[in-house]
Number of protein chains: 2
Amino acid sequence: MPARKETKAPPVMADADIAIVRIAPETSFKNKAYEALKEAILKMDIYATPEQVMLDERALSERLGVSRTPIREAIAMLEQDGFVKTVPRRGIVVVRRTKTEIVDMIRAWAALESMAARLITTTARKKDITALRDFFKDFGKDRLPQDHVEEYSKANIAFHQALISLSESPVLVDMTNDILLHVRGYRQLTIGRKDRTATSLPEHLAIIEALEARDTELAEKRARDHTLGLAAYVEAHGQELFS
Amino acid sequence: MPARKETKAPPVMADADIAIVRIAPETSFKNKAYEALKEAILKMDIYATPEQVMLDERALSERLGVSRTPIREAIAMLEQDGFVKTVPRRGIVVVRRTKTEIVDMIRAWAALESMAARLITTTARKKDITALRDFFKDFGKDRLPQDHVEEYSKANIAFHQALISLSESPVLVDMTNDILLHVRGYRQLTIGRKDRTATSLPEHLAIIEALEARDTELAEKRARDHTLGLAAYVEAHGQELFS
DNA sequence: TTCTGGTATTTGGTATGCCAAAAATATTCG
DNA sequence: CGAATATTTTTGGCATACCAAATACCAGAA
């Protein structure tokens, strides 16, 4: 039945197309719990507290007002994401990555982003590329990024996500977002550092220029080297953040 | 209690260090179910059957001899992996990727592998790089890959996995393996194609040569272009595989 | 006081049972 | 006979109860 049949004389009322208010089953408790726990974990700043953070199924189920079943399913999903690790008969620990792991992740990020840059040079529209500059329109010689670190940090993340999105590659987008969720944890403590922030903006602009010039190789190289630079920075200056 | 106390006169027996046979809790039903289902899905050749494959919780729990609870947790994990998608009150469907999605995945693979190649040129040992040739030692002018497609296909996958492993980057390894699991489904129908197989071997050897020469940029380029070539091939010749 | 042994408690793992929505099937009416 | 409708069945979602392992706690002995 490809098209909608137009009944000529509706007996009682004109059946459909009247504000179908999204009967959608809303999302299940399992998914709600997943989102809630994920957000909670991401904003708890794991690297600030010295002792390892643990979760308790029963406490969570009570807090969220649901039974343990959907909680456990959500935990299983979070474990697949690498955010928690459940130890049988011991508890559920929120995973803390080591510096080495973070550097490793950032390298993967660099790989994905450089591929995105490559694709963008061949498919993205000029106006969309140029629009990337808008993320930094509030910064310049009279308003230095290093003087508004927090704000610049947000713009930085937004820029990278927008950049990846331009590749129109769902896989690259999803994989990068996953990585960013893990790396973002101490973004404030690394990307936000003033010394690095100073070099960040020009590099971003240089990437945009290469993209506009449709210079595939150069765009790829600049995107890669930029993020690889962050990796090197974390590797060199991030020890104090980890145990 | 840092060190072990050496009792001078053990009354009945010399307590420990006598074959502690790993009391390990083995793995939970949840994990067993996860592994079992994952393997089953991977080997069922989803793209061969026309109608969409569906799973039934109760049937699975009966088949595996466990209750629905661990099955549901395993399903939740598989859904995170993108292997299945559960539709409320409808069923659990085994996800079939479109050609576009597969091409997209292969591009991400190319990105990760080229980064691996880059890292390898700076850290891997010469002998480990050279050892990569062993995967193809059974093929040559007298024994062409295109005449032993199935066998070459296995060697091909093994080579790529070994290559990534040489990067000593767990993140790259894991992400690539995830992708390979999805792409592998119709490996036989794409990578195995004779026309492509013919060009594959020389390209592999060229990658190895660049790695041995420690030519970072060249190794990266060759690794990238090789896998990107596969993506282009699938994009051009893979229509008949998808609906 | 300190060490030892045992007991109560905590915690994740698993099995079951029931619910509601959706689909499949049967039934009734025009 | 056909379509609208009522009924049964199927299926995932969720709550609950119980288990065993690991731990925490406590009393008694040295």
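Just so it is clear: chains get the letters A, B, ... in the order the sequence lines come, proteins before strands, and each one is counted from 1.
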Is the shortest distance from a Lys or Arg side-chain nitrogen in B:Lys99 or B:Glu235 to a carboxylate oxygen in the other one below 4.0 Å?
->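 No.
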Checking all strands, does B:Ser61 fall into the base, sugar-phosphate, or nothing category for heavy-atom contacts under 4.0 angstrom?
->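 It contacts nothing in the nucleic acid.
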What does B:Leu55 touch in the nucleic acid at a heavy-atom separation under 4.0 angstrom: a base, only the sugar-phosphate, or nothing?
->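 If one applies the 4.0 Å heavy-atom cut-off, B:Leu55 turns out to touch the sugar-phosphate alone, with no base involved.
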Using the 3.5 Å cut-off, write out each protein N or O paired with an N or O of nucleotides 16-19 of chain C and the distance between them.
from, atom 1, to, atom 2, distance (Å)
C:dT16, O4, B:Thr69, OG1, 3.3

Looking only at heavy atoms, what is the nearest atom pair of A:Ser200 and A:His226, with distance?
->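 Between these two residues, the closest heavy atoms are OG-CE1, 3.9 Å.
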How many whole angstroms separate atom [atom1] of [X] from atom [atom2] of [N]?
| X | N | atom1 | atom2 | value |
| --- | --- | --- | --- | --- |
| A:Glu57 | D:dC14 | CD | C1' | 15 Å |
| B:Arg89 | C:dA21 | CZ | C1' | 5 Å |
| A:Phe29 | C:dA21 | CZ | P | 13 Å |
| A:Ile92 | C:dG13 | CD1 | C1' | 11 Å |
| A:Leu78 | C:dG12 | CG | C1' | 16 Å |
| A:Lys30 | D:dT11 | NZ | C1' | 13 Å |
| A:Met54 | D:dT23 | CE | P | 11 Å |
| B:Ile71 | D:dG12 | CD1 | P | 12 Å |

Report the C-alpha separation of A:Glu39 and A:Lys43 in whole Å, then their side-chain angles, then the decisive distance to 0.1 Å, and conclude whether the salt bridge (Lys or Arg N to Asp or Glu O under 4.0 Å) test is met.
-> CA-CA 6 Å; A:Glu39 186 184 332; A:Lys43 71 169 47 175; 3.4 Å; yes
Tell me which of A:Glu73 and A:Arg90 sits closer to the 5' end of DNA chain D, going by the nucleotide each one is nearest to.
->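 The 5'-side residue here is A:Glu73.
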Where each residue is assigned the nucleotide of DNA chain D containing its nearest heavy atom, which of A:Val66 and B:Val87 is assigned the position nearer the 5′ end?
->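 Whichever sits nearer the 5' end wins; that is B:Val87.
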Qualifying residues under salt bridge (charged side-chain N to carboxylate O under 4.0 Å, His left out), relative to A:Glu113, sequence neighbours excluded =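 In terms of salt bridge (charged side-chain N to carboxylate O under 4.0 Å, His left out), with neighbours along the sequence ignored, A:Glu113 is linked to no residue.
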Pairs satisfying ring-ring contact (aromatic ring centres under 6.0 Å, His included), at least one member in residues 69-98 of chain A, at least two apart |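 Residue pairs with at least one partner in residues 69-98 of chain A: A:Phe83-A:His182.
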Side chain of A:Thr86 (C-beta onward), nearest among D:dG12, D:dA15, C:dG13 |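 For the A:Thr86 side chain, the nearest candidate turns out to be C:dG13.
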Which nucleotide in the list C:dG12, D:dT11, C:dT14 gets nearest to the side chain of B:Asp56?
->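 That would be D:dT11.
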Look at the side-chain N and O atoms of A:Arg72 and state whether any lies under 4.0 Å from the OP1 or OP2 oxygen of C:dG13.
->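 The answer is yes; a side-chain N or O of A:Arg72 sits under 4.0 Å from OP1 or OP2.
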Pairwise distance NZ(A:Lys38) to CG(A:Asn31) - rounded to 0.5 angstrom =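 Result: 11.0 Å between the selected atoms.
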Does A:Glu168 CD have over 12 foreign heavy atoms under 6.0 Å away?
->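 No.
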